[in-house]
Amino acid sequence: MSAPDQRPNKARTVPERPSLEGLEAKWDAVWEAEGTYRFDRRRDRAEVYAIDTPPPTVSGSLHLGTVFGYVQFDSIARFRRMCGKEVFFPVGWDDNGLPTERRVQNHYGVRCDPTLPYQPGLVVDPQPDGRRPVARRTFIELCEALTAEDERTFEQVFRDVGLSVAWELTYTTINERSRRVAQRAFLRNLARNEAYPSEAPTMWDVDFQTAVAQAEMEDRPTTGAYHRLAFHRADRSVVEIDTTRPELLAACVAVVVHPSDARWRELVGTEVTTPLFGVPVPVVTHDLADPEKGTGAAMICTFGDSTDVVWWRELDLPLRSVVQRDGRLQAERPEWLTSEAAARAWDALGGRTTKAARSAIAELLAAAGELVGEPRPIEHEVKYYERGDRPLEIVTSRQWYIRNGARDPQRRGALLEAGRALSWHPEFMRVRYEHWVGGLNGDWLISRQRYFGVPFPVWYPLDAEGNVAHDEPIPADEASLPIDPQSEPPPGYTEAQRGQPGGFVGDPDVMDTWATSSLSPEIACAWEDDPDLFSRTFPMDLRPQGPEIIRTWLFSTVLRSQLEHASLPWTDVSINGWILDPDRKKMSKSKGNVITPTALVAEHGADGLRYWACRGAPGTDTAVDPAQMRVGRRLSIKILNASKFVLSMAAAGGQVTEPLDRSMLARLASVVTAATAAFEAYQYHQALDVTESFFWSFCDDYLELVKSRAYGEAAGPAGPTESARAALALALSTLLRLLAPFLPFVTEEVWSWWQDGSVHRAAWPGADELGGGADDDDPVLLDVVAEALAAVRRTKTAEKRSLRAPVARLEIVDTPARLAAVRAAEGDLRQAGNVGELVLVEGTDPSIVVELAPEVA
RNA sequence: GGGCGCUUAGCUCAGUUGGUUAGAGCGCAGCCUUCACACGGCUGAGGUCGUGGGUUCGAGUCCCGCAGCGCCCACCA
């Protein structure tokens, strides 16, 4: 595997002044040339560790949070690789979908106009403030060009931070294989009746002009106002109704009250008329009507919110739609507004945005004496598309859905069971999945009325009059995928029949980005395209991801896998925490507190950045902390210097005979055991902690104690010097391998000074390598001696003397066992502390008395 | 409205199955030009573990209530 010629420092020398400068570029180039992280597809499934990595959204700059999460599971990947697994570590770029479209619109100053003809070779210069219309195909070309550029930048960041990615496996969510996989999976869903089209009320973003799925909505506190409207009974008496959306009054189809609400009992079953428009509407009852809200009577409009949809559907009410897809009330007067007063009122409302219409109708109502009191401002939660700026409206449209268990208890139960079968890290994240599955209120809406995405691979026949037969979709042939129904005809038709009576039209929509990325295991593992690779990688081992996309990416991946393969897509899920800025606020672009990974690598080094990330526990929010990165950098420098020192003495192969050396190795063996157990439990931060602690005490105590002996003249193959030198070699080799998953650059650098090949392909250390198991190896021995040494240092510091200052007399009172430990390392202790007389006294009251020699002038 | 997580030294955090004087780093103070490291080392000060109860021989660790912070979900008239 390795190509030694590529390796710098093949002479294996220790540099005079080791440095961290330039290690990132140097080792990235070597790893690339040697294929250190390349995936060996000859290995079978049991030998592979496959990671379903989260494709970062390609929309400008790479978020530090992405790097944070990636570094964490990269440490796990590196651990598994060193344990002998062949790690399947692809990266995907999520360049498919709305974020890309928006970035292209802003970057080039264009908008997509699908009615324009395509002009091949058209060059579009960026024009920041423009909104120039371009053809659909030109728009897609711009998306492809810009994402390709961004992806190169992203890859460089990932290389700079030392991710052990198998770059040859890279995919994008819009590339040919992804389109083919997404279309194939959809066609199979369609054939099994798991996907279906439906014309129904849907949540609609009026700016993006597309339908939006439940998973992409969020509530935002929004200022509104209760308007108390005067509806009228037949006897002209008033029924007061509160609404926050008076502009939808024309869309009112009924008034609803709770069946048990005595206040309205005699009204139920009668009709009241709407203010201003005089339209008669029935008074109906429904359990969802809340007597506590407003006056207890609500107007039902088609549609103001999702409760309206429920009422409309369950109470079988008529449809009176007035809001258009652009978020404006229709200009044309609705046919059910028949009175002259109603027509006049509509003149003031039609064509206006809902927001403008709201204040306009409030004025009309007030002028007509139909507004009771003043509007009362309130702050309430309103649904938005998570990327949108204006509240969602509800419009009726034709969309594609995938059955997700919302309307099928059996499927919902199976999905909950899948959540229980997964291993979650940390465990408590599982409930988020369960809540989401339990709370699903509709099938998954996967179609978007956009351009840069995977097209639906279907067409519709046109009848003799040119009407579209939506109920008879013509599916594409699987062998033809990926296809674009806008530019290719369906089987059995010619392109000339497009749009002609008796011909066909292509489905104009594209799939939501989650409909593609929910298939990331199938895309990465080359489902159907490469059955051999698929059999070696699927189902995968680990899905690492952020907590905010449990309801989208995680859930939808489980769903698609269950539908397609009747299996889980992976066995383990690891959820990382948030990145918080130093004020403990979630970092986000809109808050302007984003720090770029590149700047941090430049300042603290990749290993410094990685150290900080790996200190964050799985699922735990972590503050961006440059101080921690400095600590990581300092640790890296210490590794360079300590290693240089150790290598000036170390010699592998000798017998480790001295009790102090064996004690150190015994302690190190317990560190190996603990770090291994932590990694296996996905607790990488604990592995780092236990290793780092040992490393510092190794430097501060063991190296100080042993250096004189190790420097000494060789005293035969089994002598004390050989023992020290062999122990140092063993310890350094072990420590470098323990630290390699966290600090890949500095450990590789040091490894290259004295070892062949990459530390990242070296075997993970085992406790047995360290001569563990011997009963007389007491890890406490080192502690006892280190305590005595610390006491010596403490005295010298207190006396303001140099640490080299001679100790005339050192008296230690302790138990026989601990005195024996000191005696076993007496020579090392005297050398390290520059101790003259050493007196060991048995006693029950332990003490250490240090008498310094007088200072010589 | 429901749920999850967090609350340990000035700051950022560890604290495994409850067990002797609660740990680390940063910061702070003092000391040391030590022949691996001044991009350093050594030493030290600093905490009634959010709050009120309970279980226990023993609780930061388990149970109940409360508060603050963060997040997720919710049909939001």
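Below, chains carry the letters A, B, ... as their sequence lines are ordered, and counting in each starts from 1. Just the heavy atoms: all of them, side chains too, but no hydrogens, waters or symmetry mates, feed the values below.
With pairs defined as Watson-Crick or G-U wobble and both atom distances under 3.5 Å, the stems of at least three pairs that touch RNA chain B come out as B:1-7 with B:67-73, B:10-13 with B:23-26, B:28-32 with B:40-44, B:50-54 with B:62-66.
The stretch residues 422-432 of chain A participates, sequence neighbours left out, in these side-chain hydrogen bond (donor to acceptor under 3.5 Å, both in side chains) pairs: A:His425-A:Asp572, A:Glu427-A:Arg430.
Between A:Arg801 and B:C42, a side-chain N or O to OP1/OP2 separation shorter than 4.0 Å is absent. The phosphate of B:C26 (OP1 or OP2) has no side-chain N or O of A:Tyr611 nearer than 4.0 angstrom. Residue A:Lys638 places no side-chain N or O under 4.0 Å from the OP1 or OP2 atom of B:C39.
Here the P atom of nucleotide B:A36 and the CG atom of A:Leu736 are 19 Å apart, to the nearest Å. What separates CG of A:Asp700 from P of B:C32 is a distance of 19 Å, to the nearest Å. In this structure, the CZ atom of A:Phe555 is 14 Å from the C1' atom of B:C73, given to the nearest Å. The CZ atom of A:Arg432 sits 15 Å away from the P atom of B:G3 (whole-angstrom rounding).
Residue contacts shown for A:Lys800 are limited to sugar-phosphate atoms, with no base heavy atom under 4.0 Å away.
Taking the nucleotide of RNA chain B with the nearest heavy atom to each of A:Lys293 and A:Pro18, the more 5' of the two is matched to A:Pro18.
Heavy-atom neighbours of A:Arg17 CZ from other residues, nucleotides or ligands within 6.0 Å: at or below the threshold of 12.
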Next item on the list: Using a 4.0 Å heavy-atom cut-off, write out nucleotides 14-23 of chain B from 5' to 3' as B (base contacted by protein), S (sugar-phosphate only) or - (no contact).
Entry: SS--------

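Residues A:Val256 and A:Thr285 share a closest heavy-atom pair of CG2-C, 4.0 Å.
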